[in-house]
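One-based numbering, in listed order, for ligands and for the atoms of each. When a residue number appears, it is its place in the shown sequence, counting from 1.
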Amino acid sequence: MDGNGRWATQRGQPRQAGHKAGVRPVRLCIEQCARRGIAALTLFAFSSENWGRPSEEVGALMSLFVQAMDDELDELHRSGVKLRFIGDRLSFPVRVQSRLVGAEARTAANTGLQLQIAMGYGGRWDIVQATRKLAARAASGALRPADINEATLSGELALTGLPEPDLFIRTGGEQRISNFLLWNLAYTELYFCDALWPDFDEQGLQAALDWFAGRERRYGLTATTTGGA
Ligand code: IPE
Ligand code: MG
């Protein structure tokens, strides 16, 4: 979700105003994905690198997370969304952490859209924390290094248990991954659009889904061996 700061600057407003305006498209995307029967949605809300932003902006983002969770949780729960937060949650202030834990517990039994909010998340962080867990198992004798494979590593990553992401959408015009789900994006279709995040709307989402529907996915094979056209 990129482009909040530029959206605000273009209007002569502080960057925080752009983050605030970015809540509406978040709500829209969640509703749309739930309505369309999409199994899982992962939103990149705050990266491990975003801690380096000016403290005023970081503080405003923390207040916004708290506010948004307090405002939205009832409705998310009602619509059957199962919420999970991925990232280094211990890096967050206690008032944020307690909301994350509360929201996960409340929605844990829901069977609708699986919604991951990446906060304090980095793709490299994810691979490192997974590696650390495997190393601990190996050091305790529970895992032989020779038995470490793609499945054991991905089993320790934040998105374990979810299907591989089919589609990645980045708004804001930049064409890069910026340390999002590095491992999981191996075969994901990458879609970039110029809309700044606060302007991303239903038509923008539809355009991304239409583009995705026209992709031929080969997973390193050929059209014949994947059974594709
Ligand atoms: C993305 O918008 C939102 C967060 C990282 C929280 P930016 O804040 O990166 O907006 P730009 O890229 O400066 O316009
Ligand atoms: Mg940005």
Side-chain angles (χ1 to χ4, degrees), residues 1-33 41-73 76 81 83-100 103-104 115-126 158-159 165 167-182 184-185 188 190-205 207-208:
M1 304 185 282
D2 195 23
N4 293 352
R6 279 165 284 163
W7 184 92
T9 305
Q10 284 173 4
R11 286 163 176 74
Q13 293 172 11
R15 295 177 53 84
Q16 291 86 293
H19 298 315
K20 215 170 161 189
V23 175
R24 192 189 52 82
V26 168
R27 198 183 295 127
L28 173 114
C29 286
I30 296 170
E31 279 168 13
Q32 284 292 317
C33 288
L41 171 68
T42 302
L43 297 170
F44 202 3
F46 191 85
S47 76
S48 34
E49 290 71 34
N50 288 152
W51 287 115
R53 292 192 177 194
S55 59
E56 201 190 359
E57 181 173 348
V58 172
L61 279 166
M62 294 306 132
S63 302
L64 191 62
F65 293 146
V66 167
Q67 178 83 47
M69 271 181 271
D70 290 350
D71 291 349
E72 309 290 338
L73 187 58
L76 289 173
V81 169
L83 198 55
R84 254 177 46 188
F85 294 89
I86 60 169
D88 182 10
R89 57 179 69 199
L90 294 179
S91 59
F92 286 89
V94 174
R95 72 184 200 284
V96 175
Q97 283 187 46
S98 63
R99 257 90 175 181
L100 308 188
E104 286 182 342
L115 174 62
Q116 283 63 238
I117 313 269
M119 284 183 40
Y121 181 86
R124 290 177 176 175
W125 168 86
D126 200 1
L159 287 192
L167 171 62
F168 162 104
I169 300 174
R170 180 177 183 143
T171 60
E174 309 289 0
Q175 305 204 350
R176 50 180 176 249
I177 306 293
S178 297
N179 201 17
F180 196 29
L181 302 159
L182 295 179
N184 312 78
L185 292 177
T188 302
L190 305 179
Y191 179 84
F192 300 94
C193 65
D194 289 333
L196 302 174
W197 178 251
D199 292 328
F200 192 66
D201 57 11
E202 199 175 334
Q203 286 87 319
L205 180 62

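- Within a radius of less than 2.8 Å around the Mg ion (ligand 2), the protein N, O or S atoms are D2 OD1.
- At a 4.0 Å heavy-atom cut-off, ligand 1 does not touch E49 at all.
- Of the heavy atoms in N50, only side-chain atoms (C-beta onward) come closer than 4.0 Å to ligand 1.
- Distance NE2/H19 to OG/S63: 12.0 Å, rounded to 0.5 Å.
- Ring geometry for F200 versus W197: interplanar angle under 30°, hence parallel rather than tilted (30 to 60°).
- Distance alone, capped at 3.5 Å, places no donor-acceptor pair between the R99 side chain and the D70 backbone.
- Residue A45 touches ligand 1 through its backbone alone, judged by heavy-atom distances below 4.0 Å.
- Within the structure, every pair that satisfies the salt bridge (Lys or Arg N to Asp or Glu O under 4.0 Å) test and touches residues 167-182, not counting sequence neighbours, is listed here: D2-R170, E174-R176.
- A side-chain donor-acceptor contact under 3.5 Å links N50 to the backbone of S47.
- The aromatic rings of F65 and F46 sit perpendicular, their planes meeting at an angle over 60°, well past the 30° parallel limit.
- Within the structure, the closest approach of G172 to ligand 1 does not fall below 4.0 Å when heavy atoms are considered.
- With respect to atom 8 (O) of ligand 1, the closest heavy atom belonging to the protein is R53 NH1, 2.7 Å.
- Of the inter-residue distances, the one linking L159 atom CG with Y121 atom OH reads 6.0 Å to the nearest 0.5 angstrom.
- Around the CZ atom of R11, the shell of radius 6.0 Å holds more than 12 heavy atoms that belong to other residues, nucleotides or ligands.
- E72 places no side-chain N or O within 3.5 Å of a backbone atom of R27 that could act as its donor or acceptor partner.
- At a heavy-atom cutoff of 4.0 Å, ligand 1 is contacted by the backbone of M1 but not by its side chain.
- The backbone N or O of A158 sits less than 3.5 Å from a side-chain atom of D126, completing a donor-acceptor pair.
- Using a non-hydrogen distance threshold of 4.0 Å, E174 does not register as a contact of ligand 1.
- Nearest protein heavy-atom contact of atom 10 (O) of ligand 1 is G5 N, 2.9 Å.
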